[in-house]
Each structure stands twice: as C-alpha cells, then as structure tokens.
Amino acid sequence: MTRPRPEPVEDDLLRIEHDGPIAHVRLNRPDKRNAISDRLISLLHSAFIGLPEATRAVVISGEGDHFCAGLDLAEVSERSVAEGILHSRGWHAAFEQVQFGRVPVISVLHGAVVGGGLELATATHIRVAETTAFYGLPEGQRGLFVGGGGSARIPRLIGVARMTDMMMTGRVLDAREGQQLGISQYLVEPGNGLEKALELARKVAANAPLSNFAVMHALPRIADASQSDGLFVESLMAAIAQGDEAAKSRVRAFLEGRAAKVSKS
Ligand code: 1HE
C-alpha cells in the first residue's frame, strides 16, 4: 500500500533537486546565513516526510558562505513560554524526520554551523565538513538553551563536558577540531564538500534499503540500550536483514565472484 504523501515542497527558502535515487536539499536563505525561521523548519519537516518513493539518500547543504546560523533570532522575542515549548517540539518533529526518516542523510558543512545549525547537522547520519566549517553553540550568550534536539544528540557525539564548555564559554571549534572529535566523519578542502557528499550518497543509495534502515533505526537505539537488551535487538535485526531477498542475492553474487571485494581505496 502506498503511503499518502504531502504535496511536494516548492518554496524559495528550501530548494530540492532530484537526480535518480539522490535528493539534494538546499537551505536557500544566504542573506540571513540560512537562519531557520518557523517557515523554514516547517518546509524541512514536509520535505523529509514527502520524499519520493524512489529516493534512497539525501544530501543537505546551505547556500552562500555558511551552512546555517541556527534559529532565526528575529522571531524569538514575540514568543510566550507555551509557544516556546511548541516551537521546540516543532523542531524536534522536523529533525526526527531527518534522523529517523526513511533514508540516510548526508550533510555538507561549511562556514558557520552554529546553534540550531549544529543541531540540524547532528541529526544527519554522515557529515562532510569543508575546512572553513566552525561549530558553536551561542545559545548561552543569547540567554537561550538548545531547543532542536541538541542536548540529546550533541553529547552523544562529543560528550557532555565539551558541550557544556561550548555553551557556557562560547567556545568555537574549528573544522579540524570537529573532525578529531567526531562531529564530521570527512574533512575536505573548501568547495569540495558537495562532490564528496554526492559520491558518498551514491554508495549509500546502492545498499539494500533494509541494511540502511537497520543502521539508521536499530544502531543508535542499540547503542543507547543496555548491552543485554542491545544484543537481543541486534539478533532480531540481523535475522530480519539476512532473511530479506536483497541479502540473499547479494551474498550469492559475492560467492559467485560477481560482487566487489572489500578493498582499501
Ligand atoms: C541572522 C542570524 C540568525 C545572521 N537569526 N538573523 N544563532 C546565532 O546566534 C548566530 C548569529 N549569527 C552570527 O553569529 C553570524 O551572523 C554568522 C557567524 C553566522 C555569520 O556572520 P556574517 O558576518 O557572515 O553575517 P552577518 O553580517 O552577521 O549577518 C548577515 C545577516 O544575517 C544580518 O542581517 P542584515 O539584515 O543585517 O543583513 C544578520 O542579522 C542575519 N543573521 N544570523 C536571524 N541566527 C531551536 S533552538 C536553536 C537555538 C539557536 O540556534 S541560538 C543560536 C542563534
């Protein structure tokens, strides 16, 4: 049965291009450093819910000199406490679709990756940073707190102590520090991020969809669970993946010499 899908997103703030199995989502608000307004977060949410059935991987990048300056600060001052909670929950829902949607997401990080921009980046599965990237959590200086899932996702990558330092002192990490700490998995020269991300997306898109699903949905949950619960879920997920026809035909292809060997290059 085909799931009902929302109308495709058509808005200048968020551009989406499709090239076969790869969707390229671009934050397109360079004059405001791709700051995320209420409209942009809602467009992001709809875009990830509404990905075409044929899409197997997404690349997300930001137009202009920066990936994303985080929350649109121009919209903050008018909100009540109750509206603030709903606003944060709206970001959670959108980034939930990024991390726990249907297909893997690869982000291209350059320039400012700050506040909500870092929260968006950490919801993606693979981060390719250009050497211009820098990471900050200026919420502390602005009298705010993270509200887009940062307190759950960022400590899982870099630890509570480093995030505390970034929020309390305004410490900014450069691209090399980010790479060493595991914020990015790839570090490339300026201007090469998109090409690298597309190359990775093509590899990811060629995997069996169920394997990608297991990595996206089972792996982080197993890592959060006790070892005993985690290993039990692992055995279920392994058996489900193994039972799929995609696994059987891929294993047959290897045994018959028709599939690539593992090689370092
Ligand atoms: C913005 C925003 C924004 C720029 N909201 N308008 N995020 C921050 O605290 C980061 C604030 N931004 C910056 O520190 C800098 O703008 C950047 C380092 C990202 C880029 O610097 P630069 O020199 O390239 O640009 P700029 O001159 O500072 O800004 C250009 C324009 O973008 C300017 O507007 P203009 O009308 O004067 O041209 C800026 O006001 C505007 N702009 N960033 C609104 N963020 C779910 S909770 C998440 C909580 C957070 O994310 S808090 C962190 C917010």
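Whatever order the structure lists ligands and atoms in, that order sets their numbers, starting from 1. Counting begins at 1 with the first residue of the sequence. Side chains included, hydrogens not; waters and symmetry mates left out as well; all remaining heavy atoms used.
Under the salt bridge (charged side-chain N to carboxylate O under 4.0 Å, His left out) criterion, Arg15 pairs with Asp12, not counting sequence neighbours. Remark: Glu199 pairs with Lys196 by the side chain to side chain donor-acceptor pair (under 3.5 Å) rule, at least two apart or across chains.
Cluster partners of Met168 are absent, since no Ile, Leu, Val, Met, Phe, Trp or Tyr has side-chain heavy atoms less than 4.5 Å from it.
No option in Arg33, Arg29, Arg39 other than Arg29 meets the salt bridge (charged side-chain N to carboxylate O under 4.0 Å, His left out) test with Asp72.
Protein residues lining ligand 1, listed by chain and number: Asp31, Lys32, Arg33, Ala35, His66, Ala69, Gly70, Leu71, Asp72, Leu73, Trp91, Ala112, Val114, Gly115, Gly116, Glu119, Pro138, Glu139, Arg142, Leu144, Gly147, Gly148 [non-hydrogen atoms, distance under 4.0 Å].
A cation-pi contact, defined as under 6.0 Å to the ring centre and within 45° of the axis, is absent between Arg171 and Tyr135.
Ion pairing between a basic and an acidic side chain is recognised when a charged N comes within 4.0 Å of a carboxylate O; Asp38 and Arg79 show such pairing.
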